[in-house]
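Order of listing sets the numbers, starting from 1, for every ligand and every atom in it. A quick note: this is a predicted structure, and the numbers were derived from the prediction, not measured.
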Amino acid sequence: MKNPVPRTAAIHDMSGFGRASLTVIIPILSNMGVQVCPLPTAVLSTHTGGFDNYSFTDLSDAMPAIINHWKELGISFDAIYSGFLGSSRQVDIVSGFIDDFSRPSQLVVVDPVMGDNGKPYATMTRELMLKMRTLVNKADIITPNFTEAAFLLDEPFREEVSESKVKEMLLRLSEMGPKTVILTSVPVPGNKKVSSVVAFDREDGRFWKVDCTYIPAHYPGTGDAFASVIVGSLLQGDSLPIALDRSVHFVSTAIRTTFGYSCPSREGVFLERVLPNLNAPVTASSYEILD
Ligand code: PXL
């Protein structure tokens, strides 16, 4: 039976302070009319971007019991959406979850959370980063940032990139398994102040691009917000370019809303101020199709 309210499993960590992962994903998707069932991978006092001495509890041992109970209950998911993992063992756990809960026309979205700005996050291990490729192979859609794409492709991180190189990267990432690849924080040639989101859909062979306005600040959790809006839009039936548009505009507005204050960027974007925007009609569309 079709779920009257679309339902997603959300396989991410719970970071208590700093507006990242589940504290961002749950409100965004709930606001977009999607039921979120969290399968937590780790519990942290804060995210790892800009805080020292955070507590980190790996939940690898607790996940199988949660999954088994969900199996007993026969829960079905319209989407499976994974992100930050707490150990390399969790790649096998999530992979098994995707196999066990697979159903027709389900969306499997893997955000291969590993790092940003050319560097891995503090809790990443080489083993986890290598194994993330197995999970990417199982996804319909992946949403790496430019740093994570370089890790997946085993390439050096570059500050500048041509459009043809971006297309080549998207094609190679798609050859790793996913039908759709959405690459964020892509540097724009000749303009160090702007980045873009570029996507490729293997089914129709089309490339899409949305430019993002520049704000000289970096906020943790914006990748989680971006991917969550993608999941919500696609579950609502949007096309890929409109989903890209909605995500870029939502995250840009969240960043601009926050930047006007002088709060530490490690506290994340003021999501609470902008959540209602998710229910506004799409009025500003700026996607482009690439030749
Ligand atoms: O937003 C990605 C993310 C998720 N989870 C944890 C993180 C980060 C980024 O820093 O530290 C724990």
TODO: Provide the closest heavy-atom pair for Ser233 versus Met32 in the form atom of the first, atom of the second, distance.
DONE: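 Where Ser233 meets Met32 most closely, the heavy atoms are N-CE, 3.5 Å.
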TODO: For the residue pair Ser265 and His218, establish whether any side-chain heavy-atom pair is separated by less than 4.5 Å.
DONE: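 No, too far: nothing below the 4.5 Å cut-off.
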TODO: Flag the pair Leu275 / Leu278 as yes when at least one side-chain heavy-atom distance between them is below 4.5 Å, and no otherwise.
DONE: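 Yes - at least one pair of side-chain heavy atoms lies under 4.5 Å apart.
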Please work out, at 4.0 Å between heavy atoms, whether the side chain, the backbone, both, or neither of [X] comes within that distance of ligand 1.
X	result
Ser15	side chain
Thr123	neither
Asp13	side chain

Task: Top protein contact for atom 7 (C) of ligand 1, by heavy-atom distance - done: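 That would be His47 CB, 3.7 Å.
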Open item on the list: Could you identify the single nearest non-hydrogen protein atom to atom 1 (O) of ligand 1 and state the distance to 0.1 Å?
Closed with: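 Going by distance alone, atom 1 (O) of ligand 1 is nearest to Asp224 OD2, 2.7 Å.
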TODO: Check whether any heavy atom of Gly223 sits under 4.0 Å from an atom of ligand 1.
DONE: no
Open item on the list: Check for me whether Gly221 has a heavy atom closer than 4.0 Å to any atom of ligand 1.
Closed with: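 Contact check Gly221 vs ligand 1: positive.
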Salt bridge or not for [X] and [Y], using N-O below 4.0 Å?
X	Y	answer
Arg7	Asp78	no
Lys167	Asp291	no
Lys165	Glu168	yes

Task: For Thr48, atoms of ligand 1 separated by under 4.0 Å from a heavy atom - done: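 Those qualifying, in numeric order: 7 (C), 10 (O), 11 (O).
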Open item on the list: Distance under 4.0 Å to a non-hydrogen atom of Leu44: what atoms of ligand 1 satisfy this?
Closed with: 12 (C)
Task: Exceeds 12 heavy-atom contacts within 6.0 angstrom, atom CZ of Arg256 - done: no
